[in-house]
Amino acid sequence: MAGLFSGIRRTFAHLKRYRHIMAVLMKYGFEELAGILARRMKIGLGAKGLPSTKSETLARTTLAQRVRLAMEELGPTFIKLGQLLSTRPDLLPLEYIQELEHLQDQVAPEKIDKIRQQIQEQLGASPEELFADFDPTPIAAASIAQVHRARTKDGREVVLKIRRPNIVKTMQTELEILEDLAGLIKKRRLLPETIDPVRMVREFSQAVAKESDLANEGRNQKRFLRNFSDDPTVHVPELIEEFCTEGLLTMEYIDGIKPSQVEKLQQAGLDPREIARRGADFVLKQVFEHGFFHTDPHPGNFLVMGDNVLAPLDFGQVGRLAQQDRMLLQYLVLAIVDVDAGKIVQALERAEVVDDETGTSELTRDLEDLLSTYADLPLKDIPFGEAISRVFDIIRDHHIVPPRDFTLMLKSLMTIESFATELDNEFQLIEPLRPYAKKFTTEEFSPSRLYRQMRTTARSATDLAASFPEDAAAIISKFRRGLFKVHIHHEHLEEFEQTLDTSSNRISFSVIIAALLVASSLLVAQEGTVLGLISLEAMGIIGYLTAAVIGIGLVISIIRSRKY
């Protein structure tokens, strides 16, 4: 009961936001979803709330463009969702990915008084007390945090990344609304089966929770510092740890040029082609050597210093490749080198990412078609980004669910190739990838690797043989005692359960209506009173009226359910 009332309170608290979301959905041509949401919330938009959809405007925009425009108008949380979805080509087709990449996380800066108060809460003193100089004008403002320049009392130039006040609570409210929307979209099957909106929102919630924790970002940054401490081509900004908390990061100020400003780079005597190569090397080292990588290495997350040194920024979004992910990557690279689609399918099955609905023969045929497209091309001429894009199409079409970080890794490689080709139009990522592919091929048949595999296999077989008598005895014992359990998972069982519950409620109300009608009919024909207060005839009429009210409510409920 308490959960029911808390849900009602939450619904009323979100009511204004729901109305705004429905208005935006209507504006960009998503009337069906807006209607479902309105019926779900039992509210209407009203004449003023319903924007007029201009068919000529909608006709000039694609569905993907309308999704982006709607997210922009819905504000920071939806913009952040779009940006994170732009890194997930396993969830969305390429046209949506390319459109969502245009989302700009530009938000009006917070009032400086609130920022000062936030610094006071995080560090225990005002910025004027802590720093020799503090610039009240932000150099960047995004949905989660904004950045200000400052100078420490010992003369170091620094930047402060300050989390916006109450942003965690605000985003939590928005995420609750997103969960409702995702559930409705999935339940009504408004998207292809290959797109799971509930999974999208769940992963988005986890990503936002990590990104809003600036202490977590600081830990990521320190790991990058360690990983690239001996690399003269990369400079990771140093953290000023005495001024770092969960809601505030302080780091050295980087005086550099954005990689997208090619003319400025050339005027400063820097080499765009060398920067392109170093950017690719930076990401490839993360993926193949460290197993810890930046998931969105677009030009806005870098500055270029003197001597073509790259300075990466913003470490809130990172991925980690587990040993299983690295093995999957290695098997895939070897299969592509051997132009063997069967090996790719085996690698996917070994990684347990192939859905029960996937037909391996159709999957193998599509992979063979993909490999044959590039089989006769020299390695340097293979368009890596295009090939990976087609791989993601196959992944979605065949219900393959790769590990999240594995997907982020592939998208990171696609992003850095785009980054590099903007600086050098002749750049091909496949060339710097060649040494890693060669290394995989060499390691696959190395004596040390074969020895490790034999030793691991022998140990596993020994452990299995040793534990088999005990495991078998335990299973037999459970059978004898009637304790052996088999867990069965049925898809869409929740929907069946809800339908059954609704049907049983309607049957119960129907029985109550019938009972009221029968009882009322008997009472109307009788004379006398109840406790001398009300006549039996009046009691019968009240029974008729009660049955009528319940019956009308039941009919309305049935009619509404057919509209969904």
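The figures here come from the full heavy-atom set of this structure, side chains too, leaving out hydrogens, waters and symmetry mates. The structure presented is a predicted model; accordingly, all values stated were derived computationally and were not measured.
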Measure across [X] and [Y] and return the closest heavy-atom pair with its distance rounded to 0.1 Å.
X: Phe427; Y: Ala276; answer: CE1-O, 4.2 Å
X: Pro272; Y: Val262; answer: CG-CG1, 4.1 Å
X: Gly316; Y: Asn220; answer: O-ND2, 4.3 Å
X: Val353; Y: Pro403; answer: CG1-CD, 3.7 Å
X: Pro109; Y: Pro138; answer: CB-CG, 3.7 Å
X: Gly279; Y: Ile416; answer: O-CG1, 3.4 Å

Is a side-chain donor or acceptor of [X] paired with a backbone partner of [Y] at a separation under 3.5 angstrom?
X: Gln65; Y: Thr62; result: yes
X: Glu73; Y: Leu69; result: no
X: Arg396; Y: Leu92; result: yes
X: Arg164; Y: Ala142; result: yes
X: Arg149; Y: Val159; result: no
X: Glu368; Y: Ala341; result: no
X: Gln118; Y: Arg163; result: yes
X: Glu110; Y: Gln146; result: no
X: Ser412; Y: His294; result: yes
X: Thr173; Y: Lys169; result: yes

- With respect to Ser389, which candidate in Leu94, Leu410, Ile97 satisfies the side chain to side chain contact (heavy atoms under 4.5 Å, CB included) definition?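 Output: one option passes, namely Leu94.
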
- Task: Can you spot which of Leu371, Val391, Thr364 makes a side chain to side chain contact (heavy atoms under 4.5 Å, CB included) with Ile344?
- Result: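 Checked Leu371, Val391, Thr364 against Ile344; only one passes side chain to side chain contact (heavy atoms under 4.5 Å, CB included): Leu371.
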
Measuring from [X]:[atom1] to [Y]:[atom2], what's the distance to the nearest 0.5 Å?
X: Ile257; Y: Phe302; atom1: CD1; atom2: CZ; result: 15.5 Å
X: Phe392; Y: Thr407; atom1: CZ; atom2: OG1; result: 5.5 Å
X: Leu81; Y: Met71; atom1: CG; atom2: CE; result: 4.0 Å
X: Cys244; Y: Gln221; atom1: SG; atom2: CD; result: 8.0 Å
X: Gln324; Y: Leu328; atom1: CD; atom2: CG; result: 7.5 Å
X: Ile119; Y: Ile162; atom1: CD1; atom2: CD1; result: 4.0 Å

Basic-acidic side-chain contact under 4.0 Å: [X], [Y]:
X: Glu211; Y: Lys80; result: yes
X: Arg320; Y: Asp325; result: no
X: Lys210; Y: Glu217; result: no

By salt bridge (charged side-chain N to carboxylate O under 4.0 Å, His left out), which residues pair with [X], not counting sequence neighbours?
X: Asp405; result: none
X: Arg390; result: Asp369
X: Asp296; result: none

- Query: Does the side-chain contact (heavy atoms from CB on, under 4.5 Å) test come out yes or no for Leu63 and Tyr96, once each step is laid out?
  - Reply: CA-CA 9 Å; Leu63 182 58; Tyr96 288 87; 3.0 Å; yes

- Message: Val318 vs Phe224, test: side-chain contact (heavy atoms from CB on, under 4.5 Å). Steps then yes/no.
- Response: CA-CA 10 Å; Val318 298; Phe224 272 93; 3.9 Å; yes

Non-hydrogen side-chain atoms of [X] and [Y] separated by less than 4.5 Å:
X: Leu313; Y: Met251; answer: no
X: Phe282; Y: Pro297; answer: no
X: Asp397; Y: Asp366; answer: no
X: Glu246; Y: Asn216; answer: no
X: Val67; Y: Tyr28; answer: no
X: Ile275; Y: Asp424; answer: no
X: Thr295; Y: Phe293; answer: yes
X: Leu265; Y: Leu423; answer: yes

- Message: Considering only residues two or more places apart or on different chains, which pairs with a residue in residues 409-419 satisfy salt bridge (Lys or Arg N to Asp or Glu O under 4.0 Å)?
- Response: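 Sorted result for residues 409-419: Glu101-Lys411.
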
- Go through Glu203 and Arg88 one step at a time and tell me if the salt bridge (Lys or Arg N to Asp or Glu O under 4.0 Å) criterion holds. CA-CA 11 Å; Glu203 293 187 359; Arg88 300 301 306 274; 2.3 Å; yes

- Task: Name all residues meeting the side chain to side chain donor-acceptor pair (under 3.5 Å) criterion together with Glu362; count only those two or more places apart in sequence or in a different chain, and write none if there are none.
- Result: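 With neighbours one apart ignored, the set is empty.
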
- Message: Among residues at least two apart in sequence or on other chains, which ones pass side chain to side chain donor-acceptor pair (under 3.5 Å) with Arg116?
- Response: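 Expected list: Glu128.
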
- Message: Walk me through whether Lys258 and Leu303 qualify under side-chain contact (heavy atoms from CB on, under 4.5 Å).
- Response: CA-CA 5 Å; Lys258 291 183 178 181; Leu303 287 173; 4.0 Å; yes

- Report yes if the distance between the aromatic ring centroids of Phe134 and His148 is under 6.0 Å, otherwise no.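 Yes; His148 has its ring centre under 6.0 Å from that of Phe134.
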
- Residues Arg219, Asp213; criterion side-chain contact (heavy atoms from CB on, under 4.5 Å); working and verdict: CA-CA 10 Å; Arg219 289 189 291 272; Asp213 180 2; 4.0 Å; yes

